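In what follows, a structure is listed as structure tokens, so that the remarks can point back to it.
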Amino acid sequence: MAPSGPTGAQPSPAEPLSRSIFRKFLLMLCSLLTSLYVFYCLAERCPPGSGPVAGVPGRGVPAGPRELAMWPAGAPRKRLLQLRQRRRRGRSGPGDSSDQEEQSPGLAAAPGGSGAGSSVAEAQPGTLALLLDEGSKQLPQAIIIGVKKGGTRALLEFLRVHPDVRAVGAEPHFFDRSYHKGLAWYRDLMPRTLEGQITMEKTPSYFVTREAPARISAMSKDTKLIVVVRDPVTRAISDYTQTLSKRPDIPSFESLTFRNRSAGLIDTSWSAIQIGLYAKHLEPWLRHFPLGQMLFVSGERLVSDPAGELRRVQDFLGLKRIITDKHFYFNQTKGFPCLKKAEGSGKPHCLGKTKGRAHPTIAREVLRQLRDFYRPFNRKFYQMTGRDFGWDG
């Protein structure tokens with residue numbers, strides 16, 4: 001009988017079947033990766049010295065346009081767009097300025113909001129990316145034009161939950177500050193959209209910019225406009241509170257409110273007061289857009305009944321009613337609703353700490369005088385919009 005030993009030994013019939021299957025699986029996997037890499041290089045997107053698995057999304061390596069081009073064609077398109085937008089959220093936009101409405105950390109600018117947009121020009125999609133129908137950049141079909149400290153950031157973050165809404169994270173400030181750069185520059189700020197999706201942006205200062213209505217109308221007379229409005233007295237105090245957080249040495253709210261305190265003369269040149277004259281600011285918009293093309297959202301109801309206001313917004317934009325009560329919960333500490341699941345995340349999220357600041361105490365007499373001052377403007381605004389917002393009750 002020949003001696004037994006490991007040398008030259010053949011696999012035993014008793015060798016586990018799982019080991020054979022595992023070897024075949026490894027062989028198939030290597031073949032697949034090699035094929036993908038060859039295809040990737042044939043598309044002229046293969047960087048020198050890179051491997052077929054470098055930068056694969058979801059594997060701990062940042063995913064860019066090149067890596068996304070080799071993402072398997074079976075991946076859901078929604079997931080692909082989310083991967084791209086997460087990469088872009090941390091970048092600053094053209095609207096970054098000290099007087100811009102603050103971005104919400106974790107939603108608008110961190111990996112906000114919901115940041116689906118970017119001010120940085122993106123690389124053109126590669127061959128495989130086009131096969132994935134990655135979409136294209138479009139000028140916005142809807143714009144949130146105002147008002148500052150009315151709840152525009154909250155509305156935009158809530159809308160981003162909808163799969164058919166794509167929005168810029170930072171405020172572009174195109175129609176008030178950067179109009180000279182042209183529509184091509186503006187379009188390049190927009191996120192890519194697929195067929196059936198809406199491109200949006202929000203810049204609250206548009207509402208009080210006299211040139212903005214004509215400029216937006218020149219871009220497209222069919223643009224849908226959304227205005228989030230809030231009790232002008234509360235809005236003014238909120239505006240002052242934001243400024244105070246940045247410049248603690250500014251004069252008191254009362255001293256800035258009155259041109260002549262003893263006579264009770266309100267200083268309408270102060271922007272915090274002037275923005276609240278909604279009827280005055282609405283007039284030029286109605287010369288360029290029909291009232292039916294504008295939606296006025298209550299900032300108060302956006303807090304007390306976010307799902308109800310979002311139903312109106314979704315109907316106005318022609319979207320399916322996907323955002324409902326199940327998407328919100330009320331945060332008692334902050335005093336406003338939060339998303340149970342933020343866009344691109346499975347975790348609950350509220351707007352950042354810059355939202356929901358405690359307001360300074362204002363004398364009752366000052367509040368009364370402000371309400372008396374705003375009352376005729378409010379009533380005219382109710383007549384113009386056909387909606388009583390209840391600020392004079």
Side-chain angles (χ1 to χ4, degrees), residues 92-104 107-109 112-117 119 140 142-160 165 167-179 186 189 199-213 215-216 219 223-243 245-246 270-285 289 294-303 309 313 316 336 351-352 354-357 381 385 389:
S92 59
D96 290 346
S97 62
S98 59
D99 60 344
Q100 170 182 323
E101 186 167 4
E102 297 172 338
Q103 307 298 314
S104 54
L107 279 174
S114 189
S119 63
I143 303 176
I144 300 174
I145 60 173
V147 298
K148 181 183 179 185
K149 306 310 296 180
T152 58
R153 172 57 56 184
L155 177 60
L156 187 66
E157 299 307 331
F158 295 164
L159 277 173
R160 279 203 178 117
V165 172
V168 180
E171 295 171 4
H173 284 280
F174 174 66
F175 294 104
D176 57 351
R177 301 177 189 171
S178 303
Y179 193 65
Y186 184 49
L189 303 183
T199 302
M200 292 188 66
E201 70 116 313
K202 78 107 177 169
T203 304
S205 55
Y206 290 163
F207 188 63
V208 297
T209 300
R210 183 161 293 275
E211 300 83 5
R215 290 173 175 178
I216 295 178
M219 176 188 73
T223 306
K224 294 185 176 183
L225 307 173
I226 299 176
V227 190
V228 187
V229 289
R230 181 183 183 187
D231 181 341
V233 176
T234 308
R235 198 221 65 81
I237 298 172
S238 180
D239 198 338
Y240 172 80
T241 303
Q242 176 175 305
T243 305
S245 70
K246 300 175 182 178
W270 184 30
S271 63
I273 298 295
Q274 199 261 350
I275 290 174
L277 303 175
Y278 302 144
K280 174 185 174 183
H281 300 304
L282 180 57
E283 289 176 352
W285 290 95
F289 293 93
M294 303 183 71
L295 180 70
F296 300 90
V297 175
S298 166
E300 287 82 11
R301 283 185 58 82
L302 201 57
V303 173
E309 285 299 280
V313 176
F316 174 71
F336 53 73
L351 295 177
T354 60
K355 305 301 179 182
R357 294 188 186 96
F381 184 66
T385 61
F389 290 89

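As the structure is a computational prediction, the values presented were derived from the model and not from experiment.
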One pair to check against side-chain contact (heavy atoms from CB on, under 4.5 Å): Val147 and Val227. What are the steps and the verdict?
CA-CA 6 Å; Val147 298; Val227 190; 4.2 Å; yes
Exercise for the section: Could you go through the side-chain contact (heavy atoms from CB on, under 4.5 Å) check for Thr385 and Leu282 one step at a time? Expected result: CA-CA 9 Å; Thr385 61; Leu282 180 57; 3.9 Å; yes
Show, in sequence, the C-alpha distance, side-chain angles and deciding distance for Glu309 and Phe158, and conclude whether the side-chain contact (heavy atoms from CB on, under 4.5 Å) test is met. CA-CA 10 Å; Glu309 285 299 280; Phe158 295 164; over 6 Å; no
Verify side-chain contact (heavy atoms from CB on, under 4.5 Å) between Arg177 and Thr209, making sure each step is shown before the conclusion. CA-CA 10 Å; Arg177 301 177 189 171; Thr209 300; over 6 Å; no
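With a 4.5 Å cut-off on side-chain heavy atoms, Lys149 and Ile275 do not count as touching. Side chains of Ile216 and Leu225 form a contact here, defined as non-hydrogen atoms less than 4.5 Å apart. Between Phe174 and Leu189, every side-chain heavy-atom pair lies at or beyond the 4.5 Å cut-off.
Contact record, Gly146 with Phe207: CA-CB, 4.0 Å, taken as the closest heavy-atom pair. A pairwise comparison of heavy atoms in Lys148 and Pro204 identifies N-CB, 3.5 Å as the closest pair. For Phe175 against Ile143, the heavy-atom pair with the smallest separation is CE1-CD1, 4.0 Å. The two residues Leu155 and Ile144 make their nearest non-hydrogen contact at CD2-CD1, 3.9 Å. Smallest separation of non-hydrogen atoms from Pro213 and Pro284: CB-O, 3.8 Å. For the residue pair Pro172 and Ala170, the shortest heavy atom distance occurs at CD-O, 3.2 Å.
Residues satisfying the side chain to side chain donor-acceptor pair (under 3.5 Å) test with Arg215, not counting sequence neighbours, are none. For Gln274, there are no side chain to side chain donor-acceptor pair (under 3.5 Å) partners two or more places apart in sequence or in a different chain. By the salt bridge (charged side-chain N to carboxylate O under 4.0 Å, His left out) test, Glu201 pairs with no residue at all, sequence neighbours left out. Partners of Tyr179 under the side chain to side chain donor-acceptor pair (under 3.5 Å) rule, at least two apart in sequence or in another chain, do not exist in this structure. Qualifying side chain to side chain donor-acceptor pair (under 3.5 Å) partners for Ser205, counting only residues two or more places apart in sequence or in other chains: His173, Asp176.
Here the CG atom belonging to Leu156 is positioned 7.0 Å from the NZ atom belonging to Lys202, to the nearest 0.5 angstrom. Between Ile226 atom CD1 and Phe316 atom CZ the span is 6.0 Å, to the nearest 0.5 Å. Atom CH2 of residue Trp285 and atom OH of residue Tyr206 lie 8.5 Å apart, to the nearest 0.5 angstrom. To the nearest 0.5 Å, the span separating CD1 on Ile145 from NE2 on His281 amounts to 11.5 Å.
For residues 224-234, the salt bridge (Lys or Arg N to Asp or Glu O under 4.0 Å) pairs, not counting sequence neighbours, are Asp231-Arg371.
Arg235 contributes a side-chain N or O that, together with a main-chain N or O of Ala272, makes up a donor-acceptor pair within less than 3.5 Å.
Less than 6.0 angstrom separates the ring centroid of Phe381 from the ring centroid of Phe389.
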